[in-house]
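Presented below is the structure to which this report refers.
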2 protein chains.
Amino acid sequence: MAQKPSIPKGTRDFSPAEVAKRNYIFGKIKSQFKNFGFQPIETPSFENSDTLMGKYGEEGDRLIFKILNSGDFLKKADEKLLQEKDSLKITSSISEKALRYDLTVPFARYVVQHQNEIDFPFKRYQIQPVWRADRPQKGRFREFFQCDADVVGSKSLWQEVEFVQLYDAVFDSLGLKGVTIKLNNRKVLSGFAEVIGEQDKLIDFTVALDKLDKIGEEGVKKEMREKGIAEIALEKIQPIFNLQGDFGQKIQGIKDILATSEIGKAGIAELEFIEKAIAAIPLKSAKLELDVTLARGLNYYTGAIFEVAAPEGVKMGSIGGGGRYDDLTGIFGLKDMSGVGISFGLDRIYLVLEELGLFPETVTENTRVLFINFGEEEALYALKVISELRRNKIVAELYPDAAKMNKQMKYADKREIPFVVLAGGEEMQQEKFTLKNMKTGEQYTISATELMEKIS
Amino acid sequence: MAQKPSIPKGTRDFSPAEVAKRNYIFGKIKSQFKNFGFQPIETPSFENSDTLMGKYGEEGDRLIFKILNSGDFLKKADEKLLQEKDSLKITSSISEKALRYDLTVPFARYVVQHQNEIDFPFKRYQIQPVWRADRPQKGRFREFFQCDADVVGSKSLWQEVEFVQLYDAVFDSLGLKGVTIKLNNRKVLSGFAEVIGEQDKLIDFTVALDKLDKIGEEGVKKEMREKGIAEIALEKIQPIFNLQGDFGQKIQGIKDILATSEIGKAGIAELEFIEKAIAAIPLKSAKLELDVTLARGLNYYTGAIFEVAAPEGVKMGSIGGGGRYDDLTGIFGLKDMSGVGISFGLDRIYLVLEELGLFPETVTENTRVLFINFGEEEALYALKVISELRRNKIVAELYPDAAKMNKQMKYADKREIPFVVLAGGEEMQQEKFTLKNMKTGEQYTISATELMEKIS
């Protein structure tokens with residue numbers, strides 16, 4: 001192989017600094033997941049195809065990575081489909097496994113499969129990669145991590161309250177103050193469709209409404225008209241476009257519209273419950289906002305819908321989202337299991353922290369002290385102290401070769417190692433070490449104990 | 001889907017307790033990797049097929065999971081091969097990507113691809129899953145994690161010394177005392193083949209020798225005879241079977257055999273260097289042993305060969321292994337990059353810790369206190385304290401529904417939550433909480449501050 005090797009498009013290598021920063025975010029999320037009583041599970045990277053296929057719509061099925069059966073896979077393949085070169089239909093006979101597309105379906109499968117071992121309500125978190133054969137774009141990858149927390153087995157609205165608190169706790173702990181947690185409710189959206197007499201156009205209606213901040217009021221109305229929503233219906237919901245003020249004021253605004261819709265009123269009651277609890281136990285630094293245009297793949301959610309926006313001034317799509325789905329495990333035959341969950345968008349959170357300079361400097365710090373290698377005797381002398389330092393959790397390294405001093409110093413410099421120790425024959429005789437502070441240039445000849453103190 | 005869902009054979013779901021135990025091991029390994037100055041990288045789960053194919057031998061190629069191309073993959077497939085149903089040959093035209101088979105080849109690819117960003121010597125660690133289409137067996141899975149640490153870009157034997165120390169540090173920190181780190185050197189094996197005049201049978205010779213603890217001296221000799229190794233050669237190496245005593249004594253034993261082999265003597269010198277350094281800086285709890293039968297996929301290694309055995313009395317294959325390979329990156333066109341590395345066998349380490357009862361009890365501890373839910377007002381009252389507890393890193397949960405007291409208590413019991421708080425109208429009036437210790441059954445009615453103290 002003469003040419004430089006590469007990786008598949010849409011995938012990434014992560015350098016030590018990138019891994020360190022990603023782990024910093026994972027660590028903060030995990031720590032709050034734990035704090036809130038969520039427990040980790042892990043599922044296999046690939047599932048049986050029939051577990052995944054048909055769960056994400058036609059488009060989703062296309063985007064699932066399929067794994068070729070091992071061995072003589074064509075033997076079992078349908079002769080006719082082969083001759084017709086029908087790629088789509090032949091797939092199921094030459095591929096029985098597929099890479100995880102998200103964490104929600106595998107979680108539902110897990111819950112059903114292990115229902116007898118689980119104590120419900122089950123609060124689980126899961127942080128694992130997923131794969132999608134999407135066209136790669138800036139910020140869109142074919143392999144990326146999802147960080148999900150879900151509760152299954154309870155319809156209680158306290159879960160929704162806790163998820164708002166959880167978002168607040170995670171972003172606050174990342175130093176990302178001022179995020180907006182947008183809240184909506186599927187029942188409110190259903191209520192809108194009901195009062196305007198367009199229940200059958202609920203999807204079209206909400207898909208259009210969801211675009212309000214992208215295409216504006218006129219754009220939304222234009223799209224609604226194109227989908228056949230009557231002018232009189234648009235007039236009826238006009239107040240939606242004029243909602244102003246805080247959470248409570250907006251609620252008042254939609255109460256008038258939804259006065260005649262039972263489902264709409266149920267949605268409002270849920271929103272009010274959550275808002276009241278959050279008002280009683282103030283958030284640390286996030287703000288909770290009502291956004292009646294929020295839909296997020298509406299077909300999925302049955303109650304609360306969440307989405308988190310980065311602090312004002314940062315241009316970035318949502319950095320988190322989630323909601324309630326009343327029938328999580330029905331697809332696998334276990335009825336009446338309501339679930340509610342949220343997700344964190346790792347890659348976007350990473351970009352936001354980078355943009356705002358919120359990664360602590362210490363995150364990418366690694367080796368604290370490099371011992372220059374002057375030869376076998378000296379290296380052994382160094383290695384004794386290095387072992388001691390490591391025992392005390394101070395990251396210490398010996399330069400492996402007795403290379404030229406200049407080369408070794410350059411290595412320390414490039415790797416931004418803050419301290420270098422030089423210990424040659426003279427130091428060994430005195431049982432001392434010469435310590436150099438690479439930033440200030442200061443040098444001291446000191447004992448092992450003093451060395452330990454100086455650099456810890 | 002009526003029947004209970006399942007997962008592909010050879011894969012596993014991990015429950016919260018299992019994830020916690022696995023993370024405990026990962027944490028200890030990572031912590032020592034870091035301490036020794038290794039930096040983490042991550043590579044994509046799938047690579048371009050030509051990065052992986054042909055790197056693991058014919059058997060390896062067969063065991064690599066291939067990913068089916070997206071879209072109309074048959075369009076590009078060779079017509080003739082399709083008609084002939086030649087699964088093997090058609091693969092490369094319908095699959096361009098494959099799942100990682102190990103971490104070493106992707107690491108080599110990473111080093112070559114990023115050579116201009118890396119400061120050599122490069123000490124990297126990598127903890128990621130790999131996939132093999134092996135026949136699943138007890139303890140052998142199709143998806144499993146590898147934990148590797150390697151140094152690339154230095155031929156220094158100090159690396160080997162440090163890897164011995166690293167093994168010792170990791171197993172000691174896991175409480176797994178008394179592991180044996182077996183050491184050998186490819187040059188010693190080459191020397192044996194040389195002095196018996198069977199260089200061309202080096203592989204046969206070492207494959208047979210490697211089985212000594214399984215099939216015994218007579219078994220090894222029988223296999224060697226079958227492979228055409230002469231009787232006189234067997235006589236010459238007879239001392240190998242009679243090696244006794246400590247590291248130094250065994251070295252003496254092979255020195256006589258290898259007296260006429262330059263390469264053999266070079267191997268001995270390397271072994272002695274490592275042993276001398278380790279003797280000068282004693283290991284914490286592992287012991288270093290010379291095992292001249294150790295080969296471990298010999299073709300790969302060029303110098304040191306490591307393998308770790310569990311403490312005596314535990315029946316388990318090797319729990320770690322590694323070695324030096326002088327041409328790590330040559331397959332991708334970058335010459336003269338010597339590498340040396342070690343690996344930890346997570347699944348086996350897990351089983352050993354389980355067998356010896358070495359997982360600390362706290363590992364699987366999660367929620368510390370459950371607040372019983374008596375209704376809306378009470379739940380809000382509880383949630384205020386819960387927020388406070390979480391801020392202080394005490395894992396607290398509110399039972400989500402105002403279910404029957406009995407059901408809630410049972411839930412706490414099943415999940416082994418050590419404390420339960422009951423706070424109804426009376427407690428609220430007094431601004432108190434009734435705390436129940438689930439183990440002792442003791443109950444106290446106390447303030448929020450006292451509560452915090454009591455359970456932390």
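In this text, all values refer to a predicted model and were calculated from it rather than measured experimentally. Chain letters run A, B, ... following the sequence lines, proteins first and then strands; every chain starts at 1.
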Side chain / backbone / both / neither for [X] at chain B, heavy atoms under 4.5 Å:
| X | value |
| --- | --- |
| A:Y411 | side chain |
| A:A280 | both |
| A:Q113 | both |
| A:E18 | neither |
| A:A77 | backbone |
| A:I64 | neither |
| A:E143 | side chain |

What residue in [options] has the most heavy-atom pairs under 4.5 Å with chain B?
| options | result |
| --- | --- |
| A:R62, A:Q32, A:E162 | A:E162 |
| A:N23, A:I41, A:D86 | A:I41 |
| A:S70, A:A20, A:S95, A:S45 | A:S45 |
| A:K284, A:Q115, A:K34, A:K410 | A:K284 |
| A:L88, A:D119, A:L82, A:L99 | A:D119 |
| A:A402, A:P400, A:A403 | A:P400 |

Requested in this report: Applying side chain to side chain contact (heavy atoms under 4.5 Å, CB included), run through A:L383 and B:V161 and close with a yes or a no.
Outcome: CA-CA 10 Å; A:L383 214 50; B:V161 173; 3.8 Å; yes
Check this for me: does any side-chain nitrogen of one of [X] and [Y] sit under 4.0 Å from a carboxylate oxygen of the other?
| X | Y | answer |
| --- | --- | --- |
| B:E42 | A:R12 | no |
| A:E376 | B:K276 | yes |
| B:D401 | A:K155 | no |

**Report entry** Contacts of B:K30 that satisfy side chain to side chain contact (heavy atoms under 4.5 Å, CB included) - sequence neighbours left out
**Finding:**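 Scan of B:K30 (side chain to side chain contact (heavy atoms under 4.5 Å, CB included), adjacent residues dropped) gives B:Y125, B:I127.
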So which residue, [options], ends up with the most heavy-atom pairs under 4.5 Å with chain A?
| options | answer |
| --- | --- |
| B:L74, B:I90, B:L68, B:N373 | B:L74 |
| B:F36, B:F120, B:F65, B:F73 | B:F36 |
| B:T11, B:T91, B:I118 | B:T11 |
| B:G71, B:P121, B:A17 | B:P121 |

Query raised in the report: Which heavy atom of B:P8 sits nearest a heavy atom of A:K97, and at what distance?
Result: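 The pair with the smallest heavy-atom distance is CB-CD, 3.8 Å.
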A side-chain contact here means heavy atoms from C-beta on lying under 4.5 Å apart; do [X] and [Y] qualify?
| X | Y | answer |
| --- | --- | --- |
| B:S156 | A:Y399 | no |
| A:F122 | B:P16 | yes |
| B:K123 | A:T367 | no |

Report task. Evaluate side chain to side chain contact (heavy atoms under 4.5 Å, CB included) for A:Q39 paired with B:R415, printing each intermediate quantity in order. Result -> CA-CA 11 Å; A:Q39 299 182 279; B:R415 284 202 41 211; 3.9 Å; yes
**Report entry** Test side chain to side chain contact (heavy atoms under 4.5 Å, CB included) applied to A:I67 and B:K66, step by step
**Finding:** CA-CA 6 Å; A:I67 295 172; B:K66 287 100 186 169; over 6 Å; no
Distance (rounded to the nearest 0.5 Å) between [X] [atom1] and [Y] [atom2]:
| X | Y | atom1 | atom2 | answer |
| --- | --- | --- | --- | --- |
| A:S6 | B:N48 | OG | CG | 4.5 Å |
| B:K75 | A:K85 | NZ | NZ | 9.5 Å |
| B:F46 | A:R142 | CZ | CZ | 7.0 Å |
| A:I281 | B:K384 | CD1 | NZ | 6.5 Å |
| A:Y110 | B:F14 | OH | CZ | 10.5 Å |

Query raised in the report: Quick one: which residues of residues 386-393 of chain B reach chain A at under 4.5 angstrom, heavy atoms only?
Result: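 Within residues 386-393 of chain B, the residues under 4.5 Å from chain A are B:S387, B:R390, B:R391, B:K393.
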Requested in this report: Step through the shown structure and confirm whether more than 12 heavy atoms of other residues, nucleotides or ligands are within 6.0 Å of CD on B:E84.
Outcome: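 Check passes, neighbour count above 12.
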Query - Identified side-chain contact (heavy atoms from CB on, under 4.5 Å) counterpart of B:S87 within the set A:D72, A:N69, A:I94 - result: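 For B:S87, the side-chain contact (heavy atoms from CB on, under 4.5 Å) test succeeds with only one of A:D72, A:N69, A:I94, which is A:D72.
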Report task. For A:D13 and B:R109, run salt bridge (charged side-chain N to carboxylate O under 4.0 Å, His left out): C-alpha distance rounded to whole Å, both residues' side-chain angles, the deciding distance at 0.1 Å, then the answer. Result -> CA-CA 10 Å; A:D13 280 330; B:R109 194 267 308 145; 2.6 Å; yes
